[in-house]
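When a residue number appears, it is its place in the shown sequence, counting from 1.
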Amino acid sequence: MARIAELLDEKIEGAANLAPIVIGDTAEGRVDLSGIDFDKLAKLFEVSPKLAADTLREEAEDKARKLANGNPTRVHLIERLEKLIAEYNTGAIDVERLFEQLKAFIGEMTDEEHRAAREGLSEAELALYDLLTTPESKLSAAQEREVKLIAKHLLEKLTEAVASVDWLRSQETRGQVRHQIKLALNDLPQEPYPDDLWQAKVERVWEFVTQRYAPTAH
């Protein structure tokens, strides 16, 4: 999460930040950042390449932040974007190459946004499933279905366990949440999850839960 915040503080060198983005004086010249229009951005690129690239960068940052906040296994998206921006800032790639790579990157992230539906999971269930299967576990199709059911069951139990506003402050409620995690993960298939990996998964899920379901200060 700190890496995400650090990245979002950075800007492409020499690029302006204007909202809305306008080509000419008419309404047709405006680019709506809530729904990127790549055709309009291509026209903007002809007029101001850096401005068009910065518009895409903002869209990429927004998508990457949302995806990584909901699922920590997606942090590689932040790292890829960070690397791409660094390559541009050091002159390793020009603004045209940056623009094209940002378009492709946003396309990949859009596809990732729909992966939960393809897997038959909610976003929260997918996050747990990814934590249990990334990067070590190589599962058969049957084992994948089994782990998906475990992720669904675990989310149901966690939703109940963290219902209390102060659950993290109490040793008893923290213990109950860890117990629910261990209880659910006990059903993981033994072969791809030996004891050391099983324990690592317990700790990873616990870390995720304490971050995602931390009580909000009032």
Check your understanding: Hey, mind stepping through Arg97 and Tyr88 against side chain to side chain contact (heavy atoms under 4.5 Å, CB included) and telling me if it holds?
Key -> CA-CA 9 Å; Arg97 180 69 171 165; Tyr88 172 75; over 6 Å; no
Check your understanding: Would you call Arg57 and Glu61 a salt bridge, taking side-chain N to carboxylate O under 4.0 Å as the test?
Key -> yes
Check your understanding: How many angstroms lie between atom CZ of Arg65 and atom CG of Leu77, to the nearest 0.5 angstrom?
Key -> 13.5 Å
Check your understanding: If two hydrophobic side chains count as joined below 4.5 Å and joins carry through other members, does Tyr193 share a cluster with Leu149?
Key -> no
Point to revise | Heavy-atom pair of closest approach, residues Met109 and Ala60 | key: CE-O, 3.5 Å
Exercise for review: Keeping the roles fixed (side chain from Lys201, backbone from Leu131), state whether a donor-acceptor pair exists under 3.5 Å.
Suggested key: yes
Exercise for review: Mind checking the CG-CD1 spacing from Asn186 to Ile181? Nearest 0.5 Å is all I need.
Suggested key: 12.0 Å
Review point. Any sub-3.5 Å donor-acceptor pair from Lys148's side-chain atoms to Leu121's backbone N or O?
Key: no
Point to revise | Heavy-atom pair of closest approach, residues Phe99 and Ala42 | key: CZ-N, 4.3 Å
Point to revise | Verdict with supporting geometry, Arg178 and Glu203, salt bridge (charged side-chain N to carboxylate O under 4.0 Å, His left out) | key: CA-CA 9 Å; Arg178 284 188 67 92; Glu203 295 304 322; 2.7 Å; yes
Check your understanding: Can you tell me how far the CD atom of Glu87 sits from the CG atom of Leu98, to the nearest 0.5 Å?
Key -> 9.5 Å
Point to revise | Shared hydrophobic cluster for Leu188 and Leu183 (ILVMFWY, side-chain gaps under 4.5 Å) | key: no
Study note, to complete from the structure: Rounding to 0.5 Å, atoms CD (Glu160) and CG (Leu155) come to a distance of 10.0 Å
Point to revise | Nearest heavy-atom neighbours spanning Lys138 and Gln143 | key: O-OE1, 4.2 Å
**Study point:** Within-4.5 Å side-chain heavy-atom neighbours: Leu44 and Lys40
**Key:** no
Revision key, fill the gap. Smallest heavy-atom separation, Arg174 atom then Leu168 atom, equals NH1-O, 2.8 Å
Check your understanding: Is the Tyr213 ring parallel, tilted or perpendicular to the Phe208 ring (thresholds 30°, 60°)?
Key -> perpendicular
Practice item. Could you tell me whether the side chains of Gln180 and Gln176 share a donor-acceptor contact shorter than 3.5 Å? Key: no
Review point. Would you call Glu108-Arg80 a salt bridge at under 4.0 Å N-O?
Key: yes
Review point. Is it true that Glu113 and Lys63 make a salt bridge, defined as a side-chain N closer than 4.0 Å to a carboxylate O?
Key: yes
Check your understanding: Is the shortest distance from a Lys or Arg side-chain nitrogen in Glu100 or Lys103 to a carboxylate oxygen in the other one below 4.0 Å?
Key -> yes
**Study point:** Worked verdict on Asp195 versus Gln190 for side chain to side chain contact (heavy atoms under 4.5 Å, CB included)
**Key:** CA-CA 8 Å; Asp195 290 346; Gln190 178 64 35; 4.1 Å; yes
Point to revise | For Ile150 against Ala184, the heavy-atom pair lying closest together | key: CG2-O, 3.6 Å
Exercise for review: Test side chain to side chain contact (heavy atoms under 4.5 Å, CB included) on Asp196 and Gln199 and set out the steps.
Suggested key: CA-CA 5 Å; Asp196 57 341; Gln199 186 61 48; 5.9 Å; no
Point to revise | Pair Glu123 + Arg74, salt bridge at N-O below 4.0 Å | key: yes
Check your understanding: Between Leu128 and Ala151, which heavy-atom pair has the shortest distance, and what is it?
Key -> CD1-O, 3.7 Å
Practice item. Taking the side chain as every heavy atom from C-beta outward, state whether Pro189 and Val147 have any pair of such atoms under 4.5 Å apart. Key: yes
Check your understanding: Mind checking whether Leu139 and Glu191 have side chains closer than 4.5 Å, heavy atoms only?
Key -> no
Practice item. Quick one: do Lys50 and Asp54 satisfy salt bridge (charged side-chain N to carboxylate O under 4.0 Å, His left out)? Show the steps, please. Key: CA-CA 6 Å; Lys50 287 184 177 180; Asp54 197 49; over 6 Å; no
Exercise for review: Spell out, as yes or no, whether a donor-acceptor pair under 3.5 Å connects the side chain of Arg204 to the backbone of Leu132.
Suggested key: no
Practice item. Hey, could you give me the CG/OG1 distance between Asn71 and Thr134, rounded to the nearest 0.5 Å? Key: 8.0 Å
Point to revise | Criterion side chain to side chain contact (heavy atoms under 4.5 Å, CB included) on Leu56 and Ile106, from CA distance to verdict | key: CA-CA 8 Å; Leu56 273 188; Ile106 289 171; 3.6 Å; yes
Check your understanding: Roughly how far, to the nearest 0.5 Å, is the NZ atom of Lys182 from the CH2 atom of Trp206?
Key -> 10.0 Å
Check your understanding: If we only count heavy atoms from C-beta on, is the Leu102 to Leu81 side-chain gap below 4.5 Å?
Key -> yes
Check your understanding: With the threshold set at 4.0 Å, does a side-chain nitrogen-carboxylate oxygen contact exist between Arg115 and Asp111?
Key -> no
Review point. So does Glu96 have more than 12 non-hydrogen atoms from other groups sitting under 6.0 Å from CD?
Key: no
